[in-house]
Amino acid sequence: MTLALVALPVLVPLFAAGLSLIVSASTDRQRTVTLTALALVLADAIALLVVVERDGTIVVRAGDWAPPIGIVLVADLLAAMLLALAVLVALAVLLFAVGQDNADRGPGITVPYHPSYLVLVAGITLAFLAGDLFNLFVAFEMLLSASYVLITLDAGPDRVRAGMTYVITSLTSSLLFLTALGLVYSAAGTVNLADLAVQAERLPPGLRTALSLMLLVVFGIKAAVVPLHFWLPDSYPTAPAPITAVFAALLTKVGVYAMVRTESLVFPRDGAWWVAAVLAVATMLVGILGAIAQDDINRLLSFTLVSHVGFMIFGLALSDIAGLTGTILYILHHITAQATLFLVAGLIVNAAGTAELSRMERGEGARRVHGVTGLLFLVGGLSMAGVPPFSGFIAKFALLRAAAAHGGVAAWLLAAAALVTSVLTLYAMVRVWRGAFSPGLGEPLPLRRRPGVLLTMSAAVAMTLTGLGLAAAAGPLASMGERAATELVRPGGYRDAVLVGEREGP
Amino acid sequence: MTSLDVTMALVVGGLFAAGVHLLLQRSLMRIVLGIILLGHGANLLLLEAGGPLGEPPITGGGPEVDVEAYSDPLPQAMALTAIVITFGVTTFLLALSHRSWRLTGHDEVQNDPEDRRIGDVAERADDDPTPHLPSDDRGDAG
């Protein structure tokens, strides 16, 4: 029973993707298939989280091949937490997309949308559960192939240009990943993460560093870490709001997750990791300064996304339990907050008829968004900036406390950069606020008069409530995050569960 | 540690060098070719990671099989998977390049208009003490 819990989040969306192609003649049936599949996966992911929280890591051996040779799916506490939240966000964004599609049959939601979206979700869940590097590569390819289709769906010249940047950059990073895999295999003779953790200890230090840095570059491209971030603000903003929201919320986090997993499990470090510290400071500052320079609301949010990836690297750079707890809390907070902001930005652009803040401020747009949407933006924006009592404050507080407890130049440098970035994030959010609620814009339409508004609004409200829920459950969440971080830093449990676990797969 | 085949090392190195060179060109067709060459290089490298050649694995094994004489099957399985993936994605990339050529009439990689616009604003702000964003010289709606 528990074994099926681990496998189903990958299998159900893939099966549904096939089914969705079969019923592609009817939009309603396609929607039913996607919604049912995602609801099932969400129920499964929540059950998995409960079971893993109670009983510890679950390992599934595909085809009963024993590790390190066979494929294993590993659900530990970190994977289960991220899985549950990721599927929740995917479901909310899907509701938004369906609602927006009801409102106007704009570009983006055509027949290939639903199957691609399901494959994307399957890739994301597989990436969280993958127990070996090659399976992680396959998961990345699944979600990237689906994202290539989504970002260029029904595209005009603009989006083809942006999609081209995205596809070529992602492909290059995938080929680098493949190269790194070959090198890891020839050095250690295994790609199973748990086995690799054992083998890597025997490698010469120079080789270890080289492999670790190579994987850092590969996942750095996916996670948009400065200086490998350039592709993100060029490509994400051109896609329709629901697609941008799910990419921004989940795809970069999968990169960060892979980075945290490999670096903490296979290449554990004592003390601060300077390379990551420098990257984190650069990512935070360059990202947020880039955001301030932008005029397009989606580009501004994309640069904010880049900047806040730095916070997640912050915790990784400290490489201790407190730091990784901060990283985990930050990933959870950022998935919800960033998805909310992109969804609300979609509503703002829809209402104003332009994405340019300077034009909105001059009152050249059509009309303002409704007050409820404004409230949603306020919660998301303040949470991003780290204003208490929202989830961003809790995650940032955990990181800053970890830095203070850690001490040393690297930690204080990180803390200073984080504070500056938070203040500048607030400034960026105020800029969006001034544009979107500029008095020059026309009065908003009443909520009732627009088709599809119920779905889009309820999706945005659900995301905001999830964010508030994260803040309200800060205590239990922090202790859970700390347990997950402890598992990461002392990975004996992970290794033993995979290599000598008694649970046999079907 | 396995011994290294110099010919294969040269081939893989050559493929990577040529691939990266083509990837840095402005023409989309060359970039696609660069990706293909890089993919070949990476797949060969993966195959080489299995060590020196040996007996075909799994097939033809009697009761007394010398496991050491086998080729390592795992990198072969991984290379096969990777070949299928690069093949599929390359096809998509070709289709995308074709669409880009149909839409723009040439196969050059284009600049990002918004990037250039913000660059222009920064340059103008250096000359003009009161910066403002231009609104009418913008070609697209993002």
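Here is how names work: the chains are called A, B, and so on, in the same order as the sequence lines, proteins then strands, and each is numbered from 1. None of the values given here were measured: they were computed from a predicted structure.
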Shortest non-hydrogen contact between B/Ala49 and A/Gly182, atoms and distance: CB-O, 3.3 Å
Chain A shares the most heavy-atom pairs under 4.5 Å, among B/Val32, B/Leu28, B/Thr104, with B/Leu28
Any chance you could measure B/Phe16, atom CZ, to A/Leu175, atom CG, to the nearest 0.5 Å? 7.5 Å
Would you compute the distance between atom CZ of A/Arg159 and atom CG of B/Leu103 and round it to the nearest 0.5 angstrom? 12.0 Å
Select, from B/Leu96, B/Thr86, B/Leu47, B/Leu38, the one with the greatest count of heavy-atom pairs under 4.5 Å involving chain A. B/Leu96
Heavy-atom check, side chain of A/Ile168 versus side chain of B/Leu93, under 4.5 Å: yes
Does atom CZ of B/Arg26 have more than 12 heavy-atom neighbours, drawn from other residues, nucleotides or ligands, at distances under 6.0 Å? yes
When rounded to the nearest 0.5 Å, the distance separating CG of B/Asn43 from OG1 of A/Thr179 is 9.0 Å
Correct closest heavy-atom pair for B/Met78 and A/Phe134 would be O-CZ, 3.3 Å
In Å and rounded to the nearest 0.5 Å, what is the CD1 to OG distance from B/Ile35 to A/Ser174? 9.0 Å
Under 4.5 Å from a heavy atom of chain A, the part of B/Ile31 involved: side chain
Using a cut-off of under 4.5 Å for heavy-atom pairs, which of B/Val20, B/Leu74, B/Val12 has the most such pairs with chain A? B/Leu74
Out of curiosity, B/Thr81 OG1 to A/Phe137 CZ, how far, rounded to the nearest 0.5 Å? 9.0 Å
Of all heavy-atom pairs between B/Ser100 and A/Met164, which one has the smallest distance, and what is that distance? CB-CE, 4.0 Å
Identify which part of B/Leu23 has an atom lying under 4.5 Å from any heavy atom of chain A, answering side chain, backbone, both or neither. side chain
Counting heavy atoms not belonging to B/Arg30, are there more than 12 under 6.0 Å from its CZ? no
Where B/Val89 and A/Glu141 come nearest, the two heavy atoms and their spacing: CG2-OE1, 4.0 Å
Toward chain B, the part of A/Val191 with a non-hydrogen atom under 4.5 Å: side chain
Which atoms of B/Thr90 come close to chain A, meaning under 4.5 Å heavy atom to heavy atom: side chain ones, backbone ones, both, or neither? neither
Find the distance between CD1 (B/Ile85) and CG (A/Leu178) and round it off to the nearest 0.5 Å. 8.0 Å
Check whether B/Leu46 gets within reach of chain A through its side chain, its backbone, both or neither, counting any heavy atom under 4.5 Å. both
A/Ile71 CD1: over 12 foreign heavy atoms closer than 6.0 Å: no
